[in-house]
Every structure is written in structure tokens, then in C-alpha cells.
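Heads up: the structure comes next, in C-alpha cells.
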Amino acid sequence: MIGIEKGVLESCKTLRHVKQVHAQILRSKVDHSNSLLLELILCCCTLPSSSSLHYALSLFTQIPNPHTRFSNRLFRQFSRGPTPEGTLLLYGLLRRKGTLLDRFSFPPLLKAVSKLSALNMGLEVHGLVSKLGFHDDPFIQTALIAMYAACGRIMDARLVFDKMSHRDVVTWNIMIDGYSQSGHYDHVLRLYEEMKISGMELDSIILCTVLSACGHAGNLSYGKAIHEFIKDNGFRVDSHLQTALVNMYASCGAMYLAREVYDQLPSKHLVVSTAMLSGYAKIGLVKDARFIFDQIVEKDLVCWSAMISGYAESDQPQEALELFDEMQRQRIVPDQITMLSVISACAHVGALVKARWVHSYADKNGFGRALPINNALVDMYAKCGNLVRAREVFENMPRKNVISWSSMINAFAIHGDADSAIALFHRMKVQNIEPNAVTFIGILYACSHAGLVEKGEKFFSSMINDHNISPQREHYGCMVDLYCRAKLLRKALELIETMPFPPNVIIWGSLMSACQNHGELELGEFAAKRLLELEPDHDGALVVLSNIYAQEKRWDNVGLVRKLMSHKGISKEKACSRIELNNEVHVFMMADRYHKQSNEIYKKLDEIVSQLKLVGYTPSSSGVLVDLEEEEKKEIVLWHSEKLAVCYGLISERKESSCIRIIKNLRICEDCHSFMKLVSKEYRVEIVMRDRTRFHHFNGGICSCRDYW
DNA sequence: GTAGGGTTAG
């Protein structure tokens, strides 16, 4: 053998190696069969780069009359390897040359199509299968089912499945898994039952598939039944099946049952621990999730991602971002799923500096063109208060879908720019993008926050009549809010009473705050009481109720509510404002003295108040509804956390022309709103403030919300 | 000469 050992080929790990061996073959000038070249090509298909792929194909074309058997081997090698597109390129090559394919060619070809979700190619191949009369071959039929399932065409998969005369347990599993992947969990169970009736023997793989579907569907009782079945029939439970059981219980939120199985495992391997971790995170027990996470010795990307999204989804975005930093330090490379969690965490935090960093990180690491990433970035910039950047990302997107348009419309909406939101909606329609239910939530929100009652009503009916979208509770919520903000409280109540959903906490809350703002005490009391029926410990409702009683001087009732609150340990959510300066986040609570520059901050506050009083500012305590003396109320209002934050912003060094960005957890009060407007004018500074529901841009004495919020 | 199926992040 010309001095080239077989082992040399197997040790070819790079294209360079392959080329060296190829040169050796050519140099040896030994009259040999193509067998060595064939081995070299096969070896080339296992390398991950596209240049190796093309090298393999170019070597292949040098073979004068390749045997179909060899092409089939190449098909298989490519379809199993890291560059399945090689299969399809080879297919094209052979078709152009008119080389015949046999029935052994199709399973690997279809596998490559599945891996690439290349539906059009799959359809073409299916056509060829029929033309060549291979449609009865069970190997090919099974591959076709897998192909259609992978391409999201579950009905077509089922058509092939139904036509089969012989199915084995693998065929059933592929079909059932296809239903599971496409979210048709009812079909999973139906087909599984059918399979049992047909007398097909079950194995542990099929049980894994069905358990996984139970987990996704949250079908605990069916999952339990399968667990019983496994025990009763003495099934051997391997590590996959253990994980599937733990995961099923964990996904259904039954952590005590998941724990039971988990605790019995002799070794807690990575995958099963990740399943436990996600289960805890999902029900909000993030600390338990973190405990498991910390015990995992060799962490992979999936478990890092699970923990990061666990934090992000449990309203602990700061922790999500910190963990992402830690992941960076450990040199774990994120994928798109991780990035989406991170971007969403950033949006929650609202930290613009971090947002910019995450964006450039995503760009640098090759996520910049992905549609879901760009959609998330639009949302992130909007929620971080930078509408300009949100728009920039949106306009530069190579492709946009309905989510992109909806995100941008919502971005304008939360920034109070209803005109732009509506204009964008029309642009979207011109481009033939059909709006969906989420799009309308953005549009209705925009109308509600801008006081556009008639327009809102028009959009609402157009949604139903022109777009055939039946309004969900959220849409009714927006409409109730629209009327509430416009002081049409009776109309709001009427809608609440006639809508086809029972009102929820959010809807009663909307009416309640509006009543408080507009001094409608009687209706406000009614709304607060309805809200408390649904959520007896709702801090906001109790506070409003006690304030309403205080305004009406019904002190006995005030006392009752207060007593109830202290008895149950309920207190009003403490107001807090964050300001981001020079890469640091500073947090202020009301009347906070913790900041190291506290003295200077309060000095600045005094200075600003005297300055603003000269231009007509009088602290207004109307928003402070506790039974204090008038003077005390005025003091309190001056110590609101956002005022402290803005003072800190003013005494700190900021880059020329950069604005002050503040994020507040509650709604901004009337007095702070006038204060911010005046500061923006007198101190020539732009202030962007995110409160509980929206943004206020203060500039030159005016707020973008036009004092309507 | 055949092959195809399983668990974890969203």
C-alpha cells in the first residue's frame, strides 16, 4: 500500500492533513484503484469546514465513473457529519450528471434534508421517490416521515405514516415525536394509545418521548400513569428514562415528585440536574435552582442558559446578567438561546450601557443578522429608553416579520409617541404584513396613553371586523385603560361589565388608579374591593382603599385597613429609582441617606427647589395621601426617590449633552412630573424616565407624554 | 449494502 497507512487517513483532523495525504497519493504514481481516494473523500466529509466539503466534492468529481454504492456511502457520511449540506450538493451533482440513484440513496438524503429543514428540497426528493417507484419502501417512508416532521409539516408526515403497511416501533416513535415537537400533545397521547392497541411492543425510548410530551403539555396525571406503568411492568429504567421522569415531574411543577426520583439516582449527571434546576426556576424557587446549579461540576451551555433564563424569567434580571458575565469569564460561548435570555434580562433591567454592550457582543459573535435577536434588540433598546437606537435596529434589519413590526409599534407606544406607532402600523399594512393580536395590543396601548379615544375605538373594531382577531382579555384591558385615562370612567365600567371575560386584577387596578387620580372615590372604592376579592393581599389596592377612606375622613375604616395590613405583614412596595452613570447603577429609595454623596445630593436638592420656586414651582402634596400635616407632606414629596436620583445626575460628571436616565419601579407622581419638566428647562438637561408602565422624556420644560399619563 | 427513534435551556 504505497506507504500510506490506513491509520493516516483516520487521523486526518484538518483539511491540511487531507491535502498532504492527497499529494502523497498523487506522488506515489502507483497504479492503484480509486479505493484510497475514496477513503480520503469519506474522511473529508467528517470535517466541519465548508472548504473541506467542497474539497471532498471536487475530489469526487475526479472519479471517472463512481459507483452508486460509493455515492451512497458519501451521502451517508455527509448526512451524519457536521456538513449535511454536502449531501444535497452531491445530490445536485449526480442529478446533473444523470447518475442513477437507488433506494439506498434516499434515507441519508432525507436525513440531510431533515437536519437542514430544507422543505423544498424534501418535496423534490419525495417527488423523485414516487417517480422511481420507491414509495413503498419502509426505510424511505420512515425517512420521509422524519423529514416532514423536521420541516414542520406534521400533516404530510401523518399522510405517509397512514399509508405504510408495515410500521415498527421506530416509525411510531418518529411520528409521535413529530407531534410532540410541533406542540400537538393531544395527538401524542392519542397515537401512543393507538400504538398500544395495535399490539406494538413498547420500549424505553418511546416512553421517553411520551413523558417529554407530558412535561411540555403539563399533563401530570398522564405522566404519573406512565410512571406507574413503568414500575408495574418492571421496565428497566436507564439514565435517559430517569431524566425523562424527573423532567416530566419538574416541567409539571411537581418538584416534590421530581425530587423523589432525583434523590434515588446513584449519580446526579448533568442533564438530569439541569432538568431539576429548570423545574425549580420555573416555579420561582430560583435559590433552589441555583443550589443545584452550583453543585454541577462540569457545566455545559444548556445548564448555564437554563440558570440565566431562570433568573431572567423570575424577575431577577440583574442576577441573569451577572451570571452571563461569569459565563464569559469561564469562556463558555453562548448560542442564540442564551443571547435571547440575556437581551431580555437587559430589557428588564433597563440599563442602557449594558444594553449597548450586549448588542455589540451579539454583533461580534455572529448573532447580529438573526431575526429573533434583532426583534429582541428592538424591544431591549425601547425598554432601556433609547427609542432612536430601537428604530435604528429596526430599520436596518435585513428581514422583518410581524414580531419585528409589533415590537417597534410597542416601542413607540411605551414612549408615548402614538403618531409614530400608528404611522408604522399603516406602513406595515402597505407592506402586506398581517398584524396579529400582539400588534393590536401595542396600537391600543399607544392610543390609550395618548388619549386618542376615538382612534382606539376604531382600531378595536377594525381588529375584530377587518382582521378577524377576537379580542383577548389584554385587548379589553387596553380599552378599559383608554377610557380610564380619558376620565370616561362610567364607560370603562360598562365595558368591564359587558366584556366576555371576568375582569382580572389588572383591569380592576386600572379602574382603581384612574378613580384615585380623578377623585372618583365611590367608584374607586368599588374597584379596589373587587380587586381585593381576587387578590386579598394586593398591597396597591389596600393602600388606595385606605387613602380613599382618608380623603373621605372615614378614619375608622382607615384604621381597619391599616390594621389588616400590619396583621398580614403587607406593606406598600417601596418606591425606588435607579440611575445609571459611568457604568455604575445607583439606587435611591425615598428620603434615602445611604449614598456616599448624600450630603451633596440634598444640598443640590435645596438649591434646585429654591431655583424652581423662582419660576413658579410649588411642591404639591396632592399625591401624598397619608394623614400627615400639610407641611410634612411637602417635605416628603421633595424626598421622592426620583428627585434624589436626578440631583445625583446633576452633580455628577456626565459626558457633554448626555441625558439623565432614571428607572422607577412605581408610577411617577404629579409633583415629580412638574419638577422634572422644570429641571429639564432650567438646567438644560434631557431627562428620560421609565416608570412602571411607560417612558417620559423631559426636555425644555415639556414632557413627551403631554402631561397625559 | 441499507436506516431511522430518547432526556436538559427557549
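Per chain, numbering begins at 1; letters A, B, ... match sequence-line order. These values consider heavy atoms only, across backbone and side chains, with no hydrogens, waters or symmetry-generated copies.
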Can you list the residues that meet the salt bridge (charged side-chain N to carboxylate O under 4.0 Å, His left out) rule with A/Asp263, with sequence neighbours excluded?
A/Arg259
Any Lys/Arg nitrogen of A/Glu228 or A/Lys231 sitting under 4.0 Å from an Asp/Glu carboxylate oxygen of the other?
yes
How would you label the contact of A/Ile337 with the nucleic acid (heavy atoms, under 4.0 Å): base, sugar-phosphate, or nothing?
base
Atom-to-atom span, CG of A/Leu270 to P of B/dT7 - whole angstrom
15 Å
Is A/Asn247 close enough to B/dT7 that one of its side-chain N or O atoms is under 4.0 Å from OP1 or OP2 there?
no
Protein-nucleotide distance (A/Leu277, atom CG; B/dT7, atom P), rounded to Å:
18 Å
Distance, rounded to the nearest Å, where A/Tyr280 contributes OH and B/dT8 contributes P:
18 Å
A/Ile226 CD1 to B/dT7 C1', straight-line distance once rounded to whole Å
14 Å
Between A/His187 and A/Tyr179, what is the ring plane arrangement, given parallel below 30°, perpendicular above 60°, and tilted in between?
parallel
So which pairs with a foot in residues 81-125 of chain A pass ring pair (Phe, Tyr, Trp, His ring centres under 6.0 Å), sequence neighbours left out?
A/Phe106-A/Phe134
Does A/Arg103 make a cation-pi contact with A/Phe139 (under 6.0 Å, within 45 degrees of the axis)?
no
Send over the distance from A/Lys282 NZ to B/dG10 C1', rounded to a whole Å.
10 Å
Starting from P on B/dT8, measure out to CE on A/Met307 and report it in whole angstrom.
18 Å
When you measure from the centre of the six-membered ring of A/Phe229, is the NZ or CZ of A/Lys196 under 6.0 Å away and within 45° of the axis?
yes
How close or far is atom P of B/dT8 from atom CD of A/Gln295, stated in whole angstroms?
21 Å
What string of B, S and - do you get for nucleotides 1-6 of chain B, 5' to 3', when a contact is any protein heavy atom under 4.0 Å?
BBBBBB
